[in-house]
Amino acid sequence: VENEFVSPSHRSDCRSCGSTQLTKFLSLGPTPLANRFIKASELALPEPTFPLDLYWCAVCSLVQVCEVVPPEILFRDYIYVSGTSATMPAHFAALANEVAERFLLPGSLVVEPASNDGTLLSAFNGRDVRVLGVEPATNVAAMARKRGINTINEFFSESISEEILSTQGAADAIIATNVFAHVDDLNGFTRAAKRLMSSRGVFVVEASYLFDTLDHLQFDSVYHEHLCFFSLTALAALFDRHELEIFDVQHQTVHGGSLRVYAQHKGGGHAVTNALVDLLRKEERRGVRNNAVYLGFAERVCSLRERLVEMIRGLRSQGLRVVAYGASAKGNTLLNFMNLGPDLVEYVVDKSPLKQGLFTPGMRLPVHSPDRLLIDQPDYALILAWNFVSEILRQQEGYIQAGGKFIVPAPEPHIIP
Ligand SMILES: [Zn+2]
């Protein structure tokens, strides 16, 4: 496994505006890649770790991770599949409907960079439009093709835009959900979209929202795959440099709170909405251009770590058993940052059969099926996927009825019931 690995590079300039006025405000410590689960046969091998730090750009306000792992390592063989989540297909159906009603004509071309298993594009079925996915993960692109979604197995880039232009013409909509924050070459990606947009075309971007991350203490959404935490202010500055103009914005609840922005060529036909103007003002008031808001977040994150670790140590010192629920990338950031190893947390349960039987990166907790909770009945289960607390509580009624308790780690550590 180790020779598959290439070291990340550290960038010292802002990946949006190129400024070197970057300030580090949160350090999560040396951290392995959050999705690189370990096989039993690899437990004796050394595991590479890399700094996991958050920086803020004083020029364009973009919040970012500056360690860059080559995308070929991260995204060529991807485990996350949109269609398997309960909430995403409904979210994508609503998005497809809105894009079609507002922006598409009969025969319009819709292109989706990082189209995953084709869940979003398949929501355009039954409409008189052409869809095309661009997906780098070979295994996931194959799933999309199997369901009939025309898919190019590549990273979205300027050369792919040229290829699409020459074979299919310009796109009336380019939709990038859950990818923009993972792209190191933000300017190249934005140029590629700009190049491919028809004169009336729109570029729709969905990404997790900086102020949700800050307000709800979602420090665990920081990992090496997640390079950018966007405010509307930072997105507007990026697009402006590429002669694109954001004309509308919506706040979405998915992924712990996201922004959906709609951009057009500068001077395009869509009027700028009040929602856009209001949110830009609100961010200004909240201090998006001021270091204090970021330092305050870092302080609250460190205080949270102290309180949660103290709670778990207290339970362990009474001889109580603690496990964890949900072996996600977020969960691994939390476990590693808080140094919650096997002495404090016995194992993790996770619904994904792909992860069961493996060990978490860094803390090396074994991953078992959630059935284990009922069989084993540990005293406490720390919920790592704490954005899904109510769903997990519903699914694990049996464990609770038998006396099991859950620990919700953030934004304030507490025990249920
Ligand atoms: Zn910048």
Side-chain angles (χ1 to χ4, degrees), residues 25-29 31 34-35 52-54 56 63 65 85 87 181 207-226 229-231 251-258 286 293-316 320 322-341 344-345 347-350 360-363 365 378-396 399-400 404-417:
F25 64 92
L26 177 65
S27 186
L28 297 172
T31 310
N35 279 315
L52 185 57
D53 302 323
L54 268 188
W56 164 71
V63 169
V65 169
S85 145
T87 49
S208 59
Y209 183 38
L210 171 71
F211 280 97
D212 285 310
T213 306
L214 301 182
D215 291 347
H216 308 302
L217 237 46
Q218 295 165 351
F219 71 92
D220 52 350
S221 63
V222 182
Y223 39 93
H224 293 101
E225 286 89 330
H226 193 169
F229 296 77
F230 289 107
S231 58
H251 186 260
Q252 300 284 333
T253 54
V254 292
H255 298 301
S258 303
R286 296 231 25 209
V293 71
Y294 308 108
L295 291 174
F297 169 72
E299 264 173 38
R300 287 185 293 138
V301 168
C302 292
S303 153
L304 172 70
R305 171 170 60 180
E306 276 176 32
R307 281 172 292 144
L308 184 62
V309 171
E310 193 180 334
M311 175 192 274
I312 293 173
R313 282 192 190 286
L315 296 171
R316 293 291 296 124
L320 296 164
V322 179
V323 302
Y325 194 104
S328 58
K330 291 160 69 76
N332 287 326
T333 291
L334 188 148
L335 291 170
N336 286 314
F337 174 58
M338 306 216 171
N339 201 21
L340 296 175
L344 294 174
V345 177
Y347 55 82
V348 187
V349 297
D350 193 278
T360 64
M363 290 298 109
L365 306 179
D379 302 295
Y380 290 86
L382 170 68
I383 298 186
L384 299 175
W386 50 282
N387 43 335
F388 294 108
V389 167
S390 46
E391 190 178 321
I392 292 167
L393 293 180
R394 268 199 309 279
Q395 288 168 359
Q396 299 300 329
Y399 167 69
I400 295 173
K405 293 185 170 63
F406 282 104
I407 302 169
V408 181
E412 185 58 45
H414 63 281
I415 289 169
I416 298 176

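Checking side-chain atoms of Y294 against main-chain N and O of L214 turns up no donor-acceptor pair under 3.5 Å. With N339 contributing its side chain and V309 its backbone, the two residues share no donor-acceptor pair below 3.5 Å. No donor-acceptor distance shorter than 3.5 angstrom exists from the side chain of T360 to the backbone of N332, with no hydrogens or angles considered. The closest donor-acceptor contact from the side chain of R300 to the backbone of L217 lies at 3.5 Å or more, if one exists at all.
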Subject >> F337 and V301: CA distance, side-chain angles, deciding distance, side-chain contact (heavy atoms from CB on, under 4.5 Å) verdict >> reply: CA-CA 10 Å; F337 174 58; V301 168; 3.6 Å; yes
**OP:** Would you please test L384 and D350 for side-chain contact (heavy atoms from CB on, under 4.5 Å) and show each step?
**Re:** CA-CA 10 Å; L384 299 175; D350 193 278; over 6 Å; no
**OP:** Evaluate the criterion side-chain contact (heavy atoms from CB on, under 4.5 Å) for residue pair N336 and L28; output intermediate values, then yes/no.
**Re:** CA-CA 8 Å; N336 286 314; L28 297 172; over 6 Å; no
Original post:
Where do K405 and I407 land on the side-chain contact (heavy atoms from CB on, under 4.5 Å) test, with the steps shown first?
Top reply: CA-CA 7 Å; K405 293 185 170 63; I407 302 169; over 6 Å; no
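Minimum interatomic distance between Y209 and F230 (heavy atoms only, all atoms of both residues): CD1-O, 3.4 Å. Across A410 and L304, no two heavy atoms sit closer than the pair CB-CD2, 3.7 Å. Between P417 and G404, the closest heavy-atom pair is CD-O, 3.9 Å. Taking each heavy atom of S231 and F211 in turn, the nearest pair found is CB-CE1, 4.5 Å. Closest approach of N35 to A329, counting heavy atoms only: OD1-CB, 3.7 Å.
Put simply, CZ on F219 and CE on M338 are 3.5 Å apart, with the number rounded to the nearest 0.5 Å. For the atom pair CG (L308) and CD (E412), the distance works out to 10.0 Å, reported to the nearest 0.5 Å. Atoms OG and OH, on S328 and Y223 in that order, are 7.5 Å from each other to the nearest 0.5 Å. Once rounded to the nearest 0.5 Å, the distance linking CD1 of I383 with CD1 of I392 reads 5.0 Å. Separation of atoms CG (D379) and CZ (R316) is listed at 9.0 Å; rounding is to 0.5 Å. In this structure, OH on Y325 lies 4.0 Å from CD on Q396, to the nearest 0.5 angstrom.
You'll find the side chain of W386 reaches within 4.5 Å of the side chain of D220, heavy atoms only. Inter-residue side-chain proximity for R286 and L210 is flagged as unmet; no heavy-atom pair is nearer than 4.5 Å. Between L340 and L365 the shortest side-chain heavy-atom distance does not fall below 4.5 Å. Proximity of V408 to I416: side-chain heavy atoms (C-beta onward) are separated by under 4.5 Å at one or more points.
For the side chain to side chain contact (heavy atoms under 4.5 Å, CB included) criterion with F406, the lone passing option out of I415, I400, L382, V389 is I400.
Ring geometry for H226 versus F229: interplanar angle under 30°, hence parallel rather than tilted (30 to 60°).
The environment of CD in Q395 is crowded: more than 12 heavy-atom neighbours from other residues, nucleotides or ligands sit within 6.0 Å.
In summary, the side chains of S303 and R307 do present a donor paired with an acceptor at a separation below 3.5 Å, with no hydrogens or angles considered.
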